[in-house]
Amino acid sequence: MPEPDWQRSSYCAEGSSCVYVARPHEDRVLIADSPAPRTTLALSPAAWAVFLGAVRGGGA
């Protein structure tokens, strides 16, 4: 299986911890944190949408 194409969050400051996101398949969104890049979360597109809503201020 090829390595995921990770994209760095646009909210990362230089030298700070960052969140990375990849979408290797239509049914999964992967999330990784720069301090622990080998640990990833795999979310469904629906769970990803809920996550983004909470991060953007929609609450949990």
Residue set satisfying side chain to side chain contact (heavy atoms under 4.5 Å, CB included) with Ala47, at least two apart, ordered chain then number -> Leu43, Ser44
Sorted by chain and number, sequence neighbours left out, side-chain hydrogen bond (donor to acceptor under 3.5 Å, both in side chains) with Asp27 holds for none
Atom [atom1] of [X] and atom [atom2] of [Y]: how far apart are they, to the nearest 0.5 Å?
X: Phe51; Y: Arg56; atom1: CZ; atom2: CZ; result: 10.5 Å
X: Trp48; Y: Leu30; atom1: CH2; atom2: CG; result: 10.0 Å
X: Ile31; Y: Thr39; atom1: CD1; atom2: OG1; result: 13.0 Å

Closest non-hydrogen atoms of Cys18 and Asp33, given as atom of the first, atom of the second and distance, are O-OD1, 3.1 Å
### Message
Would you say that Pro45 contacts Arg23 through its side chain, given a criterion of any heavy-atom pair below 4.5 Å between the two side chains?
### Response
yes
Do Val55 and Leu41 sit in one hydrophobic cluster, given that two such residues count as connected whenever their side-chain heavy atoms are within less than 4.5 Å of each other, even indirectly?
yes
